[in-house]
Number of protein chains: 2
Amino acid sequence: MKAYQDLKQSFQRLHYLSKTIALLDWDHETYLPRKGVGYRADQQAFLSGLAHERLTSSQVGELIAACEAQLHELSSEEQANVRCWRKDHDKATKLPTAFVEKMERRCSLAKASWAEARQAGQFERFQEDLSALIDLSREKAQYYGGGDHPYDALMDLYEPGATCAQLDPILSALKDFVVSFLPTAMEKTQSVDASFLQGDYPIEGQLAFNEEVARAVGFDLEAGRIDATVHPFCTDLGPQDIRLTTRYDKRDFAVSLYSVLHEAGHGLYEQGFKAEHVATPMGESVSLGIHESQSRLWENKVGRSLAFWEDWYDAACRHLPSLQSFSPEQITLAVNRVSPSFIRVEADEVTYDLHIILRYEMEKALIAGDLQVKDVPGEWNERFKSMFGLEVPNDAQGCLQDIHWSMGGFGYFPTYTLGNLNSAQLFASARNALGASLHHMDQGAYVALLDWLRRQVHQHGRQYEPDELMKLATGKSTDPLMHQAYLKERFDSLSA
Amino acid sequence: MKAYQDLKQSFQRLHYLSKTIALLDWDHETYLPRKGVGYRADQQAFLSGLAHERLTSSQVGELIAACEAQLHELSSEEQANVRCWRKDHDKATKLPTAFVEKMERRCSLAKASWAEARQAGQFERFQEDLSALIDLSREKAQYYGGGDHPYDALMDLYEPGATCAQLDPILSALKDFVVSFLPTAMEKTQSVDASFLQGDYPIEGQLAFNEEVARAVGFDLEAGRIDATVHPFCTDLGPQDIRLTTRYDKRDFAVSLYSVLHEAGHGLYEQGFKAEHVATPMGESVSLGIHESQSRLWENKVGRSLAFWEDWYDAACRHLPSLQSFSPEQITLAVNRVSPSFIRVEADEVTYDLHIILRYEMEKALIAGDLQVKDVPGEWNERFKSMFGLEVPNDAQGCLQDIHWSMGGFGYFPTYTLGNLNSAQLFASARNALGASLHHMDQGAYVALLDWLRRQVHQHGRQYEPDELMKLATGKSTDPLMHQAYLKERFDSLSA
């Protein structure tokens, strides 16, 4: 169909632009000289404007409508593409240009005031911008419409189809479980402290070991690379160009190893689309909650298992001789250490979701207008105390720790927990399907597991909504049961 | 004037696009994963198309005409900008789109056939594409028009205003000088052979030393960086983002040091424009021959002097302890070693221009139709024998060694020699103007020299044509006299 071919070509061009913007971002984080930042910001804004113009153009709108009028002539994959293009086009056109500019301006102010406020530990410096961003986010939710709760429309940006009605009971059950399970998990790992594995781990050794592990789990380093940044991330710069970053700590190899495994999990998803789907929604990830399920699966389910360390111990000691002071059992115990703490990104696997639930509940209340911005620090600290049993010493370690709010990213946090739950659920289904081949976490297991994920998750691109995809892959919607079972099994197996 | 402001804004946007394309290129050479090459080529072609559309748009043409109609209302710098924008717009519009596409397609074929031919040492494999590219270049010269010789229009792309009528006598005199001077220069350096300085020079030491030198000559590493590539280059990714690359050889520190000094010379030019001229011709380099004068000046006039090694010897030994086996005099002698050889990019400072003159004469004859493509290898080898006294062993070391022809870059080579001549001429004028402050090649000398170059060359951007710029800075047009005087003085001063 000509309209479909024309539409596909339009999106192919938009893809070139988007991936160019992604390169500008990647370079910004990795290699951009300090003084180049100002020009780069203007350049990125200009390119983003070009991309937005193309996505919202009436020509694209007309081509989509033409395809919809003859949808039956298209294959089911092509239909999925048209459906997603419609959604992306509508999302982009629903926001008036003046609103988008207002939001962008406020975000750039907020990014600065948040950084200052965090530095000084003074919430008041961020309060006005945060208020404005919450008002703007509420306005944004109205433009998008849909959902019983205004927060639904915001979550939908990151997790299509997610609603408070669906998440409330899941997160509530999860919270109960974590609170009740926490003492057991802490007791299991109490014999190691935070400094247990510290030693002398030269960067070159970490780099070589990480690359060996990344390659072994299937990440193609000829179609990707690993660089160093302050905050690790994974970005897709083209169908055969997936870039991970990590952070090195000479005293602690685990920092870089687990961020490489985490980002490689994201990268495997990005490397897992079919070549013929490049530059179409069938060649794109479906949601952040599914994306995060891939990173958590390789980082935690695979990488923190005793089987993993039994298999990798010799190679790790070859690259990082200091590791010889520890046994595989000790390393496994230490990388699973549980201890309630203030900072989300440093949290262990058990308490992590409590950090998310706290944010989810507060964001919902802020967006609904049930919580005033001036009351955020007090509310945060009170909730934190009741969930973690700890007094937050200052806002930098409390409500100011994350960058998300300063970027207007309300609705983003819950995708991290969805990632954890999906990850356990997918891993359980993979184990059911693959049986004995996953007993040892070796090369054969990685191949089998990746192949299963390719078929069950990656190759579907955006064909199904996340909930539908989970049902197809695991037989049911996301719930906390497999995550709970996984944590119990993991901590049962640790030799304290 | 509104038309001028609108025009400036159009070119500001085009600048964002061009610098984005430059980043795609830089990344291609430095960090792009092997399998990402195919997508990147399509992406670059798309972005280049967008930039070309903007440069040739009728809207830009009309704004230029509107500015020209009220030129007297503009400052002299603004007038220079309008003049250059007119030239760039006309150059871009003079070539029909169908022609540009034909040329691009042929270049991409030729790049492959040239690489194959060079690999196999078989000129015939490249012959057909070379023929086609010469025909196309002749056609291109016709589209551009102007000049007594069709080669003039091609040179003008790289060196505005350069003509065969001007270059013929200069290059002929230079050739006579080099041939007569060569025996003296060879004798002076005969006590060292090519392996004289070889030793153990760890990359980290080279990197640290090179950065110290680059910083000392004034290259701002907070507004630029140095990476590693197979072929060193300098690229401008934005007003405060100038990136150099170099190549490391563990056995020979001089490879990376002199390419850093060379590229830093280019980089100092790019860092030398006034901030208010960003994204206008007043903030752009005027020609390749002037650009190359800056790189050669810092690489050779400064970097290969005995004064340089007297100043840097201790620092060099600190970073690269193997250098302690040599004296500053010995190092200076070795880095000035003269020996006729087959490969242009490995040539010493005396014989280098013979390589260029050979190419200049052959290109002129090819474009004029006085030399048949099938006769290129024979003609090359015969001329080489008469100039260098050496038999070319195979085409890979002869007429197939350079990539330029496969890119349709006829007219590019002479800018290298113009760079050498301009460099000596500018350096002589700087010494006249600055006197004693250049006796020692130390920090004070670099500051004085760079300041002089900023005022005489960099800050003029494209306000004057290269010939005019040379007259303003040195009192006369480019000629070989100062280059000859420089070589005599340099080789006189070496202690054999």
Side-chain angles (χ1 to χ4, degrees), chain A residues 9-10 12-28 30-51 53-54 203-204 219-227 236-245 267 271 275 278-279 283, chain B residues 9-10 12-28 30-51 53-54 203-204 219-227 236-245 267 271 275 278-279 283:
Chain A
Q9 195 183 38
S10 290
Q12 172 68 68
R13 288 169 179 166
L14 182 55
H15 194 259
Y16 291 136
L17 266 183
S18 314
K19 297 302 138 185
T20 300
I21 294 166
L23 174 66
L24 289 166
D25 286 334
W26 173 85
D27 183 72
H28 194 152
T30 51
Y31 296 120
L32 184 67
R34 192 181 64 78
K35 293 183 185 171
V37 169
Y39 181 86
R40 178 59 55 88
D42 295 338
Q43 186 181 23
Q44 283 168 312
F46 171 70
L47 271 284
S48 299
L50 282 191
E53 263 173 37
R54 283 178 178 255
I203 308 291
E204 304 80 58
F219 184 74
D220 183 352
L221 276 164
E222 296 202 324
R225 45 180 297 118
I226 307 177
D227 295 270
D236 149 28
L237 302 188
Q240 302 259 52
D241 186 5
I242 309 302
R243 305 196 187 181
L244 322 179
T245 72
Q271 288 184 342
V278 170
Chain B
Q9 195 183 39
S10 290
Q12 173 68 68
R13 289 170 179 165
L14 182 55
H15 194 259
Y16 292 137
L17 266 182
S18 315
K19 296 302 136 185
T20 301
I21 295 166
L23 175 65
L24 290 167
D25 286 334
W26 174 85
D27 183 72
H28 193 153
T30 50
Y31 296 119
L32 183 67
R34 192 180 64 76
K35 293 182 185 171
V37 169
Y39 181 85
R40 178 59 55 88
D42 295 338
Q43 187 181 23
Q44 283 168 313
F46 171 70
L47 271 284
S48 298
L50 282 191
E53 262 173 36
R54 282 177 179 255
I203 308 291
E204 304 80 59
F219 184 74
D220 183 352
L221 276 163
E222 296 202 324
R225 45 180 297 118
I226 307 177
D227 295 88
D236 149 29
L237 302 188
Q240 302 259 52
D241 185 5
I242 310 301
R243 305 196 187 181
L244 322 179
T245 72
Q271 288 184 342
V278 170

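Keep in mind that the numbers below use all heavy atoms, side chains included, and drop hydrogens, waters and symmetry copies. Numbers restart at 1 for each chain; the letters A, B, ... are given by sequence-line order, proteins then strands.
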Counting heavy-atom pairs under 4.5 Å to chain A, which of Arg40(B), Arg243(B), Lys19(B) comes out on top?
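Between Arg40(B), Arg243(B), Lys19(B), the count favours Arg243(B).
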When rounded to the nearest 0.5 angstrom, what distance separates [atom1] in [X] from [atom2] in [Y]?
X	Y	atom1	atom2	value
Asp27(A)	Asp27(B)	CG	CG	7.5 Å
Thr30(A)	Tyr31(B)	OG1	OH	8.0 Å
Asp42(B)	Arg13(A)	CG	CZ	12.0 Å
Glu222(A)	Arg34(B)	CD	CZ	4.0 Å

Is chain A contacted by the side chain of [X], its backbone, both, or neither, given a heavy-atom distance below 4.5 Å?
X	value
Leu24(B)	both
Leu50(B)	side chain
Asp220(B)	side chain

At a heavy-atom separation under 4.5 Å, does Gln12(A) approach chain B through its side chain, its backbone, both, or neither?
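Answer is side chain: those atoms of Gln12(A) sit under 4.5 Å from chain B.
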Segment of Leu23(A) engaging chain B (4.5 angstrom heavy-atom cut-off)
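For Leu23(A), heavy atoms of backbone and side chain both lie under 4.5 Å from chain B.
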Between Val278(A), Ile242(A), Thr20(A), who has the most heavy-atom pairs with chain B when the cutoff is under 4.5 Å?
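Answer, by heavy-atom pair count under 4.5 Å with chain B: Thr20(A).
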Tell me which of these, Gly238(A), Ala223(A), Gly38(A), has more heavy-atom pairs under 4.5 Å with chain B than the rest.
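Looking at each option in turn, the highest pair count goes to Ala223(A).
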Under 6.0 Å between ring centres, would you say that holds for Phe46(A) and His15(B)?
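No, the ring centres sit 6.0 Å or more apart.
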Taking all non-hydrogen atoms of both residues into account, name the closest pair between Gln240(B) and Pro33(A) and its distance.
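Of all heavy-atom pairs spanning Gln240(B) and Pro33(A), the closest is O-CB, 4.3 Å.
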